[in-house]
Structure formats: C-alpha cells, structure tokens
Asker: 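Right, I'll just put the structure down here and ask away after.
Order of listing sets the numbers, starting from 1, for every ligand and every atom in it.
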Amino acid sequence: MLIVLDTETLDELLADEHILNRVKLECLLLPYMGLRPLSQITVPAEFPGGLEMGQRIDRAIKPHMDRLQAITEPRAKVQVIQETRKLMETQFETVVENSDPYKTYYSWSDRLGLKSEQAKVRPTVHEIFLFKDGRTGKELKRLIKDREKLRVKVQRRPDPQIGRIRFAYPEEFNVKWITRMGRLLGYPDCCVKQYAQDRVKGVNVETRAATQLAEVLNEEKKVDVHAYILGFFFPCRPDCPNSTEKGFRWQEEFSKMDERLGEMYAELLGVNATMVLRQPELINRYIAQFQKPAPEKDGADG
Ligand SMILES: [Zn+2]
C-alpha cells in the first residue's frame, strides 16, 4: 500500500529551496502517498519570497489604482478598471508564473504523478490544487464552479447587511460547500461540521480554535499537537479523537517512508498548533485591509 519514493528523488525534494517544507509534506507528499485526496496552496503567498512577489505586483499596479480613484465619469472608470484588471493578469504572469517556485511546484507535481487544477481567486491571487485520481478532480471542478455561482449571486444582489468577508467569500458561509471541500482536503468530518456551523452562526472560527487551545494551556494540561494535522486547519477541539488519530497515522506513514519526513512532520504539528494560537492576531491584520474606505462594487480589487 505504501508508495515509496526512491532516496535520490526524496533527497532532491528535501533540498529544494523553492518549496516550503510544510508544502512539501502537506501538498506534495500527502496526496502522492494517497493519505489526502486533495491539497491546496494560495500563490504567490505560499511560495518562498511570495510576499515580495505580491509587493512587486502592487507597486506596478499602484499608478493605475491612483488614476482610478481620480476618475468620476462612469464610462471612463469602467475603461480604466478593465485596463487595470488586464495589467494585474499580465503582472501575475510575469512575476508569479515566470518564477522558479511556480515552475518548480508544477515540475514536482508532474514528477510525483499528480494532476493539477488552478483557480483564480482574484486577478493576482490564484489557488493551485493537486490530486491523484480523476474522481477528486471532477468533484473539485464542480466545487470551483459552485463557488463561482455563489459569488456571482451575492455580487448581483449585494446585501448591505452582510460583512465584507461574507461578500468576498460567500462560499465560506455555505455549509454544503464547506463540507464537500473539507472532505476533499482530508479534514475529519467532525471538524468540518464544527467549522461550518461556526461560520454560519457568525462565530469566528480562528478565535474559537485559539481560545480552546489557550484554555487547555492555561489549565496547564498537556496538549497533544497531533490534532493539528495541517496548516490553517482548525480541529473541532484540541483533543479531537479523529484528527489526533489522523495526525498519528500520517506521522507513522511519513516515518515509514523516511525518518527525516517523520521528524519534519512532528515539528510541523507543533508549528501548526502555535499558528492556531496566533490566528486571532493574524486575522485581525488581514481584516484591517478590508476596513479601508469601501471601493466601488465593480472595482478592480487585486
Ligand atoms: Zn474533530
């Protein structure tokens, strides 16, 4: 059952500096080993040097955004919005698609026999999904299409009552969509269910998860980090039996393939748990960017 990678290839992958260690394990090896149907990364953010790539694009776009702010005539505005969008797409091609991390990621996906699908979240933010079997690919395509439909729906009839995040990412508040995507990404059902319920009820999942973990730590109880199986994953509770079991199994499979992988994964589990503790802080920083003066509904948000 276990698919072993020859040592030479594995050495090469481990030494590759164009891919983060977390991404090597979570996004390339887990689907390759058949332990997770689908993986997802957001680019350029999750590439080494991704932050700088984003900044380079922002700098190139800034003059157009400034011009856009100054225009009031509607037809001229539509024209500049279209030009800006086009520029964003060209910038993504030049800065991201031409980069070593981007090319390296696809080359590893090919070498490991994985298939890929890319989705445009915004003109300068894309998601790359990797998977092994065609059935996963088909369900993923349906999910991407359904997300598009949900977005078109809220944009067509914007509800002033809903917040900016709910407007930008309506799928994050749709139980069915979250459940299907969560399963595909290898999250345990109980954790997906909790995540979906929280989102819909308006509970901040990141804060909930951070508080749960902080409470256990405050009681000076030991936390088993095996529940924190992936980055940006929130277990239903710090001692969720299903995710903990998964964490142990994945660690064991990694160790069986190569001791170094087992050690890397053990370290990653700790990092994941620490990130959950820090989430409210990170999220606040993220939300702050949505609290700038409201752009036009049809604006060219990068
Ligand atoms: Zn759970």
Asker: Is F248 isolated, or which residues cluster with it under the ILVMFWY side-chain rule of less than 4.5 Å, directly or via members?
Answerer: none
Asker: Could you list the donor-acceptor pairs under 3.5 angstrom formed by side chains in residues 234-242, with sequence neighbours left out?
Answerer:
residue : atom : partner : partner atom : Å
R237    : NE   : D239    : OD1          : 2.7

Asker: Members other than V200 in its cluster, when Ile, Leu, Val, Met, Phe, Trp, Tyr link by side-chain heavy atoms under 4.5 Å?
Answerer: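 Taking Ile, Leu, Val, Met, Phe, Trp and Tyr as members, V200 shares its hydrophobic cluster with V175.
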Asker: In this structure, are over 12 heavy atoms from other groups packed under 6.0 Å from K145 atom NZ?
Answerer: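 For K145, atom NZ is not crowded (no more than 12 foreign heavy atoms under 6.0 Å).
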Asker: Sorted by chain and residue number, which protein N/O/S atoms are under 2.8 Å from the Zn ion (ligand 1)?
Answerer: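 The answer, once waters are left aside, is C190 SG, C191 SG, C236 SG, C240 SG.
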Asker: Sort out for me which residue in I229, L185, L130 forms a side chain to side chain contact (heavy atoms under 4.5 Å, CB included) with R36.
Answerer: L185
Asker: Is the CD atom of E8 crowded by more than 12 outside heavy atoms at less than 6.0 Å?
Answerer: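 Open: at most 12 neighbouring heavy atoms sit under 6.0 Å from CD of E8.
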